[in-house]
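When reading the values below, keep in mind they use all heavy atoms of this one structure, side chains included, and skip hydrogens, waters and symmetry mates.
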Amino acid sequence: MGSRGTVSLSHTGRRIAAAALSLLAAGAAGLSGAPPDGKAAADRLRPLDTLPGAAASDPKKTSDDEKTPEGSVELPRLQSVRPNAAVLLPSVKRYPGEPRADGEEGASRYHPKRSLADFMAFDEPVVMRNAADVRYFSIPVPWRAWWPVLRTDIAFQNSSALHPSRSQLALLWNQAMISQASLDGDRPDGRLIAEMPTKYLEDDFHTLELRALQHGDGECGDPFSPDLWTQIDTENSTIELDYQLRKLSPALSDINRLIDHCWWGDYRLSLVTTDPAALNDRHLDWLARATERVALLLDFVPLSIEHRTDLRRHTGDHLVIGTRQEIAPALPESIVSRIGESFIGIYPHPENDRYFVLVISGINDAGVEKALRAFTATDFSLPPGAELDLADLDLPAPTPIGESRAAKPGRTYTFSELGFTTRESSGLNREKFGVELILPPGVSAAEGDEVRVSLRIAWAAVRDDSRLKVYLNGGEERTIPLALNGATAYTGYEFGIPLRSFRPGKNWLSFQAELVPVFVDDCKSLDWEALRFVMHDDSSLHIPIAAQYLELPDLKITAGTAVPASYLENAGGGGEFHIQIAARDRNTIGAACTMLGKFVQIDRRRLPGTRLSFELPPPYAHYLAVGGASSIPGALLPSSLLKGESEAASDFRQLTGIASGGEDPAGPGLLMQFESPRRHGRVGMILTAADSGRLVERAWQLAGHAVWNRLEGDSFLFGTGNDARGIGPHRRFGSFHLGDESYFGRLRHHFSAKPLFYFGAVGAVLLVAGAAVARALLSRGVKRKRGPFDDPLWSV
């Protein structure tokens with residue numbers, strides 16, 4: 001791809017401040033729409049060392065020990081890429097595991113790289129249209145990233161009708177101009193490469209803004225011409241965060257920043273306990289509750305858990321839990337000696353102070369329980385010190401399990417309840433904004449069931465062909481005209497969207513205002529900034545009353561809704577969900593905890609009725625058995641696997657063969673879902689691999705977005721060779737149902753699933769029945785007319 005007009009930024013000293021400021025000023029002037037003169041354009045494309053006052057930069061990087069003090073600011077070094085110059089870029093790895101470290105274990109420099117598509121609510125083309133348009137992306141920077149450098153590489157393709165002196169694509173960071181590139185119709189492929197100055201990279205979420213100005217050759221052109229467009233390639237556009245981790249002197253009050261939803265890549269945590277052979281259900285309950293708390297702190301960041309009995313792993317954070325006697329072999333004596341009746345402490349890792357060790361302990365089980373309650377309570381703030389003795393503290397009552405975020409049938413929700421705040425768009429920008437609606441699994445929708453949307457909106461200075469587009473999960477559902485007609489506001493503009501258009505789990509209902517100004521003549525229009533559209537947060541959604549009748553197996557439903565863990569309450573199904581740890585080894589325990597964390601993150605709360613256990617789950621429970629292929633109990637396997645009557649049986653035998661010495665060193669993972677062989681109407685699941693070592697690695701892959709978001713069918717093989725996203729879904733087990741099992745409930749579900757088929761079937765039955773009744777009545781009427789002595793048998 002050509003790289004014309006591309007500006008790349010990086011860090012250095014103060015000697016080139018004048019050049020930096022002049023280039024930024026030139027960029028702002030170019031974005032304003034004024035055609036830059038030839039000299040200014042040439043200067044913007046010249047190498048930095050040819051600009052007045054520029055000096056050669058020192059190529060040496062600051063070492064880890066020569067860090068700049070916090071709070072100081074470096075000015076950016078600007079560098080320009082000549083037109084048509086080849087730009088060699090690092091390879092893209094969309095879904096990294098934990099951040100890649102340079103050199104040996106313990107190195108502190110990381111370079112996670114993600115595609116721009118990762119920061120979108122859902123995958124869709126990003127096409128910037130009209131004379132001016134803008135798109136926003138929310139980019140996280142973790143607090144633990146010390147002296148970070150953030151690089152962007154935006155790949156785009158523009159229309160062949162654009163004139164380079166009047167068309168630009170600009171990149172802004174928190175509304176500050178960073179870089180821009182000309183949009184040239186003769187060279188439609190381009191890249192916009194930039195580095196964010198360090199002063200713009202504080203922790204938390206930041207706004208990356210792409211702003212396009214697009215004009216053709218004519219002096220006066222139609223700002224809504226279909227020739228004015230630029231498409232951003234979000235898959236091949238990348239953002240790389242280059243950083244080292246801070247050296248820590250942690251405090252307990254830092255937990256929310258140390259375990260951060262701004263973390264890049266998968267977050268790896270080591271849970272440290274006594275030896276697996278000594279663990280019982282009490283220990284597993286502690287591990288489950290600690291896992292749930294960490295998963296909720298991370299929010300949507302994938303959590304990978306390994307189980308350990310020591311601190312020998314030098315990279316990664318450690319959470320140590322157990323009584324003082326149980327965990328003493330894993331900790332330095334200096335920490336063990338400080339553990340009292342009930343105790344929480346946090347320290348730098350003894351061999352790598354860029355990671356922490358969090359200790360939750362006490363002299364007995366009650367002390368550990370109290371310390372764990374302090375860690376998991378959302379209404380108790382941990383103090384700023386490194387240690388806390390809870391012996392004499394009165395803690396609040398245990399935090400109740402939160403209410404499910406899934407919408408309740410029959411309820412009305414305002415947009416503010418769904419996390420939306422009043423939004424305004426102006427000018428020709430086509431920014432999308434909207435609300436996230438989570439539906440419970442198995443909502444049985446009839447043909448006429450609709451989600452009713454009531455909007456409070458206002459607009460101004462628009463032509464009658466302006467419109468508001470409504471999208472559901474990226475697909476257009478409705479177009480609302482925004483005509484003036486003397487009124488510029490609606491309170492309670494209502495329309496319906498069929499309930500069957502929504503999917504189980506997360507749904508994104510978004511809105512995009514396309515505003516057209518009132519033209520005075522060919523070259524003059526009203527001020528674009530006078531165009532306004534406002535959507536208020538007291539707009540609302542009404543969910544119709546609908547029964548829940550869930551048809552399984554379907555791993556796609558599980559991926560979106562955490563079924564069966566979330567089903568226990570959402571469908572009123574009762575019972576329990578057991579994650580059965582099929583072997584007492586560290587890898588299997590880590591894999592099981594990883595899966596628990598994933599289910600918690602999908603439902604975004606502690607899961608009621610969910611248990612970790614070494615024992616067989618009770619017959620009435622839903623379950624997920626986690627273990628190597630040879631360790632899964634036969635009682636939890638469907639009969640088709642045991643008898644080899646399905647394709648899934650061959651996959652399972654293959655994994656068992658690998659475990660006993662197969663040829664594939666990579667070894668896939670296998671996730672299955674079926675009806676429990678122990679009770680009708682219960683969900684059974686298996687996560688397995690050839691052995692426990694590969695199992696924990698496959699569990700980490702499964703918890704990541706790349707595999708989880710592609711789950712389908714009832715059997716899913718994944719993580720072999722170079723393809724970690726999944727070999728493919730299969731349907732190998734018979735279907736079963738959860739939910740309203742009454743006759744009318746099942747009839748409603750089947751009518752909802754295939755309305756035309758069942759209406760046709762009912763119509764055919766009624767037609768046949770009507771014909772039979774008509775024939776019977778006709779026959780009876782004929783007999784009455786003839787009389788009893790008209791029968792031929794009475795004739796002589």
Side-chain angles (χ1 to χ4, degrees), residues 8-11 61 64 88-120 137-155 173 193-198 200-206 208 234-248 257-270 294 297-306 313-317 352 354-356 594 597 601 697 700-709 719 722 724-725:
S8 178
L9 303 178
S10 61
H11 299 294
K61 293 184 179 180
D64 292 349
L88 299 178
L89 300 171
S91 60
V92 177
K93 183 178 182 181
R94 177 176 179 183
Y95 289 102
E98 64 175 336
R100 185 179 74 253
D102 287 335
E104 59 183 329
E105 185 179 30
S108 57
R109 202 73 197 176
Y110 300 91
H111 316 275
K113 181 182 291 188
R114 300 171 67 180
S115 74
L116 191 62
D118 290 352
F119 302 100
M120 299 172 61
F137 303 87
S138 186
I139 311 296
V141 175
W143 174 79
R144 294 173 69 175
W146 172 252
W147 210 244
V149 177
L150 192 141
R151 301 183 182 92
T152 63
D153 176 14
I154 308 300
W173 184 263
I193 303 173
E195 280 189 4
M196 301 304 123
T198 300
Y200 295 135
L201 293 179
E202 297 178 355
D203 60 284
D204 212 347
F205 284 85
H206 298 258
L208 185 152
T234 57
E235 289 290 340
N236 290 318
S237 298
T238 61
I239 300 180
E240 180 180 10
L241 186 65
D242 182 359
Y243 67 97
Q244 63 183 8
L245 291 175
R246 295 174 182 268
K247 291 186 177 181
L248 298 177
R257 297 195 297 179
L258 294 169
I259 305 175
D260 190 4
H261 61 185
C262 293
W263 189 264
W264 278 53
D266 302 350
Y267 177 78
R268 181 75 61 83
L269 178 68
S270 296
V294 172
L297 286 173
L298 290 171
D299 197 4
F300 50 82
V301 175
L303 171 62
S304 301
I305 290 181
E306 64 176 350
R313 185 171 183 265
H314 301 163
T315 57
D317 299 325
N352 189 341
R354 300 180 192 276
Y355 299 96
F356 67 81
T594 297
Q601 288 187 322
E697 294 178 358
W700 296 341
Q701 285 183 337
L702 180 60
H705 300 305
V707 177
W708 191 264
N709 292 340
N722 294 324
R725 296 176 300 173

Verify the ring-centre separation between Phe137 and Phe119: is it less than 6.0 angstrom?
no
Between the side chains of Asp242 and His111, does any donor sit under 3.5 Å from an acceptor?
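Result is yes, a qualifying pair exists.
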If you define the side chain from C-beta out and look only at heavy atoms, does anything of [X] sit under 4.5 Å from [Y]?
X      : Y      : answer
Ile305 : Leu303 : yes
Leu201 : Val149 : no
Arg313 : Arg268 : yes
Ile239 : Leu150 : yes
Leu248 : Leu258 : yes
Ile154 : Leu116 : yes
Val294 : Leu269 : yes

Can you see which heavy atom on [X] is nearest to which on [Y], and at what distance?
X      : Y      : result
Val141 : His206 : CG2-CD2, 3.8 Å
Tyr243 : Leu245 : CE1-CD2, 3.7 Å
Ser115 : Thr234 : CB-O, 3.7 Å
Leu702 : Val707 : CD1-CG1, 3.7 Å
Arg109 : Trp147 : NH2-O, 3.8 Å
Asn236 : Ala155 : O-CB, 4.3 Å

Among residues at least two apart in sequence or on other chains, which ones pass side chain to side chain contact (heavy atoms under 4.5 Å, CB included) with Pro142?
Ala145, Leu241, Asp260, Cys262, Trp264
Tell me, please, which residues at least two apart from Asp299 pass side chain to side chain contact (heavy atoms under 4.5 Å, CB included).
His261, Arg604
Check: Trp143 side chain, Asp204 main-chain N or O, donor-acceptor pair, under 3.5 Å:
no
Taking Tyr200's backbone N and O only, do any of them form a donor-acceptor pair with Trp173's side chain (distance below 3.5 Å, no angle check)?
yes
I'd like to check the ring pair (Phe, Tyr, Trp, His ring centres under 6.0 Å) partners of Trp708; sequence neighbours left out, ordered by chain and number.
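By the ring pair (Phe, Tyr, Trp, His ring centres under 6.0 Å) rule, Trp708 matches no residue at all.
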Mind checking the [atom1]-[atom2] spacing from [X] to [Y]? Nearest 0.5 Å is all I need.
X      : Y      : atom1 : atom2 : result
Glu240 : Tyr110 : CD    : OH    : 14.5 Å
Asp118 : Ser237 : CG    : OG    : 11.5 Å
Lys247 : Trp146 : NZ    : CH2   : 10.5 Å
Tyr355 : Thr315 : OH    : OG1   : 5.0 Å
Ile139 : Met196 : CD1   : CE    : 9.5 Å

Can a salt bridge be assigned to the pair Arg144 and Asp317 using a cut-off of 4.0 Å between side-chain N and carboxylate O?
yes
N-O pairing of Arg257 and Asp203 below 4.0 Å
no
Please list, chain by chain and in numerical order, all residues satisfying side chain to side chain donor-acceptor pair (under 3.5 Å) with Ser270, sequence neighbours excluded.
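With neighbours one apart ignored, the set is Glu306.
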